[in-house]
Amino acid sequence: MTHPSSTVAVPPVSEVPKHIAIIMDGNGRWATKRFLPRVTGHVRGVDAVRGVVEACVKRGVDFLTLFAFSSENWRRPAEEVSLLMRLFVTALDREVGKMHANGIRLKVVGDLSRFDDKLQEMIASAERRTASNAGLTVTVCANYGGRWDIMQAVNKLAAAQPGRADFSEDELAAELSMAYAPEPDLFIRTGGEQRVSNFLLWQLAYSEFYFTDTWWPDFDADQFDLAIDSYQRRERRFGRTSAQIIEQKKAS
Ligand code: IPE
Ligand code: IPE
Ligand code: MG
């Protein structure tokens, strides 16, 4: 199923965001402040993921997308990269059964070809196992980059129909790695930075942005509620005027 593009038609807006995308940032600083190794921050970050997944299920969110490893994170020291990979394997091993039992569908998107065979196989098997679950869809973005995503979509289109030069937005959106999800309603970044860091560049066109100084391991259900409260106070205009939105609300 493909979803309408926010720039092609005004999408429906609901009280509870249907899709929340999060840059889980600040694990390293959380640990450093406590004189702990950075990896401890990543381990605690996995606990925070569990809490946010539960909060999304409770609130009736349909899609939760988590930035776990960016295409630029390979620039980190080799030791941290390899610890992150190992943590990914352990977390998959531990969490997939629980997710499956709770009706959660797991997806992993990004250029997975750079991961070792064992990890690739674990990912494929976790996706297969949870594929027909109808609850929350949790997408983990791993070796993901927004530019990579747009380029792989363009290349797929061009390869399928050589010589064509008039592709539409909808055709491109259908080739993005998260074509199964609507565009995020709410984008959250923890850890104090206010930047997109090459996350979902295409899909964030009309998302509401929420930044918090809270480090990811401290992002709990209360923090999650604050983000939702902030979202619910926004007026999503998609290019229209405030008066038009009020008129539309009256009419419905
Ligand atoms: C986010 O936390 C997790 C990953 C990028 C894998 P960081 O590791 O970026 O933590 P800080 O930003 O250094 O505190
Ligand atoms: C973004 O965080 C990527 C993830 C959370 C996985 P970074 O910590 O890598 O972002 P920058 O480098 O501060 O922009
Ligand atoms: Mg960071």
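Whatever order the structure lists ligands and atoms in, that order sets their numbers, starting from 1. Note that this is a predicted model, so its numbers are computed, not measured.
- Residue-level proximity to ligand 2 for Arg75 is absent, since no heavy atom of it falls below 4.0 angstrom.
- Listed by number with element, the atoms of ligand 1 under 4.0 Å from a non-hydrogen atom of His42 are 3 (C), 8 (O).
- With distances taken over non-hydrogen atoms, the option nearest atom 7 (P) of ligand 2 out of Arg195, Glu72, Arg76 is Arg76.
- With a 4.0 Å heavy-atom cut-off, ligand 2 is reached by the backbone of Ala68 but not by any atom from C-beta on.
- Close approach to Arg29 involves these atoms of ligand 1, each under 4.0 Å from a residue heavy atom: 11 (P), 12 (O), 14 (O).
- Close N/O approach between Glu193 and ligand 2 is not found [any backbone or side-chain N/O within under 3.5 Å].
- Ranked by closest heavy atom to atom 2 (O) of ligand 1, the top entry among Leu87, Thr32, Val39, Asn27 is Asn27.
- Comparing Thr190, Asp25, Asn73 by heavy-atom distance to atom 8 (O) of ligand 2, the nearest is Asp25.
- Geometric assessment of Lys107 against the ring of Tyr180 yields a positive cation-pi assignment under the 6.0 Å and 45° thresholds.
- With respect to the salt-bridge test (charged N to carboxylate O, under 4.0 angstrom), the residues Arg29 and Glu193 qualify.
- Looking only at protein N/O/S atoms, the ones less than 2.8 Å from the Mg ion (ligand 3) make 1 in total.
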Checklist entry - Are Leu136 and Phe63 close enough, and set up right, to give a side-chain contact (heavy atoms from CB on, under 4.5 Å), and what steps lead you there? => result CA-CA 6 Å; Leu136 172 71; Phe63 296 90; 5.6 Å; no
